[in-house]
2 protein chains.
Amino acid sequence: MAPASARPIPVAAIKTQCSSCHLKDICLPCGLTGPEVERLDGLKFARRKIAAGEVLYREGDRFQFIYAVRSGTFKSSLMLADGREQVSGLHIAGELMGLDGLAAGKYASSATALEDTEVCAIPYAHLNELAQQSPNLQMVVARLMSREIVREHSLMMLLGSMNAEERLAAFLLNLSQRMKARGYSPCEFHLRMSRAEIGSYLGMKLETVSRTFSAFQQQRLLEVDKKHIRITDLEGLTRMFETRVH
Amino acid sequence: MAPASARPIPVAAIKTQCSSCHLKDICLPCGLTGPEVERLDGLKFARRKIAAGEVLYREGDRFQFIYAVRSGTFKSSLMLADGREQVSGLHIAGELMGLDGLAAGKYASSATALEDTEVCAIPYAHLNELAQQSPNLQMVVARLMSREIVREHSLMMLLGSMNAEERLAAFLLNLSQRMKARGYSPCEFHLRMSRAEIGSYLGMKLETVSRTFSAFQQQRLLEVDKKHIRITDLEGLTRMFETRVH
DNA sequence: CGCGAATTTGAGTATCATCAATTAGGGTGG
DNA sequence: CCACCCTAATTGATGATACTCAAATTCGCG
């Protein structure tokens, strides 16, 4: 019988190095100089494939790894007291997940693959050791966490002060920018979340999400075909914000 | 003429030590053992008094200090594109502010004193040096940041999925718990925010905040006299959540 | 091809925002 | 010390936005 200490983790511990990763400019090593990235290679971690619909970690699981998304998309979510799901994040390639677990030693949210994915499972303790020898690496980790705080800030703004159209526009534009930063097309992408998940994330009902998509389409801002989105009028979509006279 | 490098900071650099602070169990040293707290005493920082209405730091200011609230209350807020203010946090004694500045080297929000206050201005660079010698201290700092992430998470939940009564109840109960943890009465306190500020924070209009207070009062959950709040039925207020059948 | 799930769309409604008027307080100056 | 003013808060009336319930349609998968 396997040790009960934790859920099965690195199935095949493929050794992976940051310095040769195609995501090195936007992922963990972001901001580090060449030699420092090589020092990061001292960090041994495993890659893992997670199939669509599978859960990478669950709310309450012991915090042990930070995960970097290599490919694919994840959502993070929490269970509400009444059993409903609240989506709290969307993570695409090059982004990190799990930082929220540090506070209490347990993940504060669950991460679910929205398509077939691959992640790097970075042992936090090991990363920490390394960071102790490198002030810059330490700074990078701290900055990543701070970035997460800022990210949530802006989502709060969104939830606190925008109407349905503004929320969806903000969501799409944010995603568009992140896609662009990763070399993908900023104007055409596949939404991996369902209408219900988008709604949960943005604080509106799935019907409203659907209606808002339709409205954008009629305004010729988007072409929507189920989960496939094409932004046809980026400026128009951006104007959704400034048009907040109310 | 004073050097233009930064805004005037420590007026009188009173040397302050964590080990003898009455807030040591809930503030920065929280979770550290006795000897480690003493090591924290190597950290020299200044206390500063901030008068009601004064701004401690502004959105965009260069990030240099983390601030610990010694006494009084702060709000943090951002300016929206249209010039309105969005309140993003409330900070009471023993809590830290400014962590959001690490991401970009500039504060992502402004901090304003809601009454006469006193803070410790902790130079982040110095804290960092110290942390490099003490894994535990490093862990504490990381945990503080993660805690911030979790805090925002829960506010997002609130904004995303609660109605007006639930939001205000959640806000009051959260504040109540924090007061309690600091040895203050959990059931009677002075709200330092105006109705408009509370509304901004909770994503509702000031009129709705006012009406909801009145409703709670009629339900005999609270006694409200302007900014003075007395919770008369803590369980009832808590039930506001579970009663989310809709 | 057929079933179940996801999405779209419609109609009616509840909640909260807006507009507006009134009251209460806190601070200032006569 | 009181009158006055400006701001904050309360309360009411009305309306817009987004939710609920419901039905029709499409999609994806076996």
Side-chain angles (χ1 to χ4, degrees), chain A residues 51-53 75 82 84-87 114-116 158-171 190-219 222-229 240 243-246, chain B residues 51-53 75 80 82 84-87 112 114-116 158-171 190-219 222-229 240 243-246:
Chain A
K75 71 172 175 186
D82 58 12
R84 286 177 318 170
E85 175 188 51
Q86 167 76 41
V87 176
L114 295 176
E115 59 188 312
D116 291 348
L158 184 154
L159 291 169
S161 70
M162 294 183 182
N163 66 21
E165 293 203 338
E166 291 164 341
R167 287 175 195 207
L168 189 60
F171 171 68
H190 221 82
L191 272 180
R192 297 296 174 170
M193 292 203 274
S194 71
R195 299 292 186 259
E197 286 166 334
I198 296 171
S200 170
Y201 187 47
L202 298 179
M204 49 210 254
K205 290 285 116 105
L206 70 148
E207 293 96 330
T208 307
V209 174
S210 180
R211 276 184 241 275
T212 310
F213 269 126
S214 301
F216 282 174
Q217 207 162 202
Q218 282 200 318
Q219 296 172 256
L222 300 180
E223 283 168 19
V224 183
D225 176 27
K226 295 285 148 189
K227 294 189 172 164
H228 190 89
I229 306 289
M240 294 269 39
T243 321
R244 12 201 315 69
V245 194
H246 64 238
Chain B
K75 72 171 174 186
L80 256 37
D82 58 10
R84 287 176 318 171
E85 174 188 52
Q86 167 76 42
V87 176
T112 310
L114 295 176
E115 60 187 312
D116 291 348
L158 183 155
L159 291 168
S161 70
M162 293 186 184
N163 66 21
E165 293 202 337
E166 291 164 341
R167 287 175 196 208
L168 189 60
F171 171 69
H190 220 81
L191 272 181
R192 297 296 174 169
M193 292 204 271
S194 71
R195 299 292 187 258
E197 287 166 334
I198 297 170
S200 170
Y201 188 47
L202 299 180
M204 49 210 253
K205 291 286 115 113
L206 72 154
E207 294 95 330
T208 307
V209 175
S210 182
R211 275 184 242 274
T212 310
F213 269 128
S214 301
F216 282 173
Q217 207 163 200
Q218 282 199 318
Q219 296 173 255
L222 300 180
E223 283 168 20
V224 184
D225 177 27
K226 298 281 152 193
K227 294 189 171 164
H228 191 90
I229 306 291
M240 295 269 40
T243 320
R244 8 201 317 68
V245 193
H246 67 240

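Here is the naming used below: chain letters follow the sequence lines, and residue numbers restart at 1 for every chain. The figures that follow rest on heavy atoms only: side chains count, while hydrogens, waters and symmetry mates do not.
Listed here is the closest heavy atom pair of A:Ser194 and A:Lys227: CA-CE, 4.0 Å.
D:dT10 atom P lies 13 Å from atom CD of B:Gln218, rounded to whole Å. Note: CE (B:Met204) to P (C:dA17) measures 7 Å, nearest angstrom. If you measure from atom CZ of B:Arg167 to atom C1' of C:dA17, you get 13 Å, rounded to the nearest angstrom. Regarding B:Asn163, its CG atom lies at a distance of 11 Å from the P atom of D:dT20, rounded to whole Å. Distance, A:Glu166 CD to D:dA18 C1': 14 Å, rounded to whole Å. We find that NZ of B:Lys205 is positioned 15 Å from C1' of D:dG15, with the value rounded to whole Å. Computed from coordinates, the B:Met193 CE to D:dT7 P distance equals 22 Å when rounded to whole Å. In this structure, B:Leu168 places its CG atom 16 Å from C1' of C:dT15, rounding to the nearest Å.
When the salt bridge (Lys or Arg N to Asp or Glu O under 4.0 Å) test is applied to B:Arg211, no partner is found at least two apart in sequence or on another chain. Every residue two or more places apart in sequence or in another chain that forms a ring-ring contact (aromatic ring centres under 6.0 Å, His included) with B:Phe171 is listed here: B:Tyr201. Residues passing the salt bridge (Lys or Arg N to Asp or Glu O under 4.0 Å) test with B:Glu197 are B:Lys75, sequence neighbours excluded. Residues forming a salt bridge (Lys or Arg N to Asp or Glu O under 4.0 Å) with A:Glu165 (at least two apart in sequence, or on another chain): none.
Side-chain N or O atoms of A:Arg195 include none that pairs as donor or acceptor with a backbone N or O of A:Leu206 at under 3.5 Å. Side-chain atoms of A:Asp116 come within 3.5 Å of backbone atoms of A:Ala52 as a donor-acceptor pair (strictly under, hydrogens ignored). The backbone N or O of B:Leu202 lies less than 3.5 Å from a partner atom in the side chain of B:Arg167, making a donor-acceptor pair. A:Gln218 places no side-chain N or O within donor-acceptor distance of the main-chain N or O of A:Ala215, the cut-off being under 3.5 Å.
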Are any protein N/O atoms closer than 3.5 Å to N/O atoms in nucleotides 8-10 of chain C? If there are, list each pair with its distance.
unit_1 : atom_1 : unit_2   : atom_2 : d
C:dT8  : OP1    : A:Arg195 : NH2    : 3.1
C:dT8  : OP2    : A:Arg195 : NE     : 2.7
C:dT8  : OP2    : A:Ser210 : OG     : 2.7
C:dT8  : O5'    : A:Ser210 : OG     : 3.1
C:dT9  : OP2    : A:Ser214 : OG     : 2.6
C:dG10 : N7     : A:Arg211 : NH1    : 2.8
C:dG10 : O6     : A:Arg211 : NH2    : 2.9

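Comparing the local axis fitted to the first five base pairs of the helix from C:dC1-D:dG30 to C:dG30-D:dC1 with the one fitted to its last five gives a bend of 40°, rounded to 10°.
Using a 4.0 Å heavy-atom cutoff across all strands shown, A:Gly203 reaches sugar-phosphate atoms only and no base atom.
Comparing B:Ser194 and A:Glu165 against DNA chain D, the residue whose closest nucleotide sits nearer the 5' end is B:Ser194.
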